[in-house]
Amino acid sequence: MLDKKVIDLLNDQINKEFYSAYLYLDIANYYTENDLDGFANWYTIQAQEERDHALLFLRYLQSNSIPVELKAIDKPSEVFDGHLAPLLAGAKHERYVTSLIHAIYEAAYDVRDFRTMQFLDWFVKEQLEEEENADKMVSQFKLFGDDPKSLYLLDRELATRVYSAPSLTL
């Protein structure tokens, strides 16, 4: 049986992952409205990844015979001023998600819940990748984004990203 605090954090994380998907869809919508379809593609795929992360948490609880508590998903409240703003918001959000994963890991560690810690190991590695990707996009935009030709090339590069679903089996 999992610890109550760990269960609550895992259930909360399902909601946070779905919120992340909403946020990234909001960012994708911003870029679509601004004719940056490559950026929109990148964030649409990011939203799909976040949805799958939520499902991984959901299935982990289910596989441990723990009831899943689905909660209302907040509407993203960010208002973007310029093409760099969504990238900065995405990078900030990834650091926030990393802090949430670490908090769950710490709670599991405190009660010696090795099974949950092992489950979370993948997310710890994934968050490193997510932060690196978000920071790279910010850096690239700062280097090239103000130049229309470079922005066009960066947008085209981001349009090549394809979705690769994680294995949803535990």
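If you're wondering where the values come from, they're calculated on a predicted model, not measured in any experiment. Along the sequence shown, residues carry numbers from 1.
Under a hydrophobic clustering in which Ile, Leu, Val, Met, Phe, Trp and Tyr are joined whenever their side-chain heavy atoms come within less than 4.5 Å, directly or via other members, I73 and L25 fall into different clusters. W122 and F57 fall within a single hydrophobic cluster, where Ile, Leu, Val, Met, Phe, Trp and Tyr are joined by side-chain heavy atoms under 4.5 Å apart, directly or via other members. Cluster membership for I7 and V111, using ILVMFWY side-chain heavy atoms within less than 4.5 angstrom, is shared.
With hydrogens and angles left out, the side-chain atoms of Y152 and D147 include no donor and acceptor closer than 3.5 Å. Side-chain contact, E17 with Q13: a donor N or O sits under 3.5 Å from an acceptor N or O. When only modelled atom types and interatomic distance are considered, Y31 and H83 share no side-chain donor-acceptor pair under 3.5 Å.
In this pair, H93 and Y24 present their aromatic rings perpendicular. The plane angle is above 60°, beyond the 30 to 60° band.
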Worked check of side-chain contact (heavy atoms from CB on, under 4.5 Å) between K75 and Y22: CA-CA 7 Å; K75 178 183 179 199; Y22 267 34; 5.9 Å; no
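Rounding to the nearest 0.5 angstrom, the gap separating the CD1 atom in I66 from the CG atom in L10 is 9.0 Å. To the nearest 0.5 Å, atom CD of residue E94 and atom CG of residue L23 are 9.0 Å apart. A distance of 8.0 Å separates CG of L70 from CG of N11, quoted to the nearest 0.5 Å. Note: R115 CZ to S63 OG = 7.5 Å, rounded to the nearest 0.5 Å. One finds the CG atom of L154 at 9.0 Å from the CG atom of L36 (value rounded to the nearest 0.5 Å). Here CZ of F39 is found 13.0 Å from OG1 of T44. Values are rounded to the nearest 0.5 Å.
For the side-chain contact (heavy atoms from CB on, under 4.5 Å) with E130, the qualifying choice from H53, R95, K125 is H53, the only one to do so.
At a threshold of 4.5 Å between non-hydrogen side-chain atoms, the residues W42 and Q46 count as touching. E69 has its side chain out of reach of D12: every pair of non-hydrogen atoms, C-beta onward, lies at least 4.5 Å apart. Using a 4.5 Å heavy-atom cutoff, the side chains of K5 and L9 are in contact. With a 4.5 Å cut-off on side-chain heavy atoms, V97 and F123 do not count as touching. Under the 4.5 Å side-chain criterion, counting only non-hydrogen atoms from C-beta, K71 is not in contact with F18. Considering only heavy atoms from C-beta on, H102 stays 4.5 Å or farther from Q127 through its side chain. In this structure, the side chains of N34 and F80 stay at 4.5 Å or more apart for every pair of heavy atoms. D113 places none of its side-chain heavy atoms less than 4.5 Å from the side chain of D3.
Minimum interatomic distance between F119 and L56 (heavy atoms only, all atoms of both residues): CZ-O, 3.7 Å. Of all heavy-atom pairs spanning E50 and A21, the tightest one is CB-N, 3.6 Å. Between N41 and T160, the shortest heavy-atom contact is ND2-N, 4.4 Å. Shortest non-hydrogen contact noted between G38 and L158 is O-CB, 3.4 Å. When all heavy atoms of I45 and R161 are compared, the closest pair comes out as CD1-O, 3.1 Å. Between Y43 and G90 the shortest heavy-atom distance is OH-CA, 4.4 Å.
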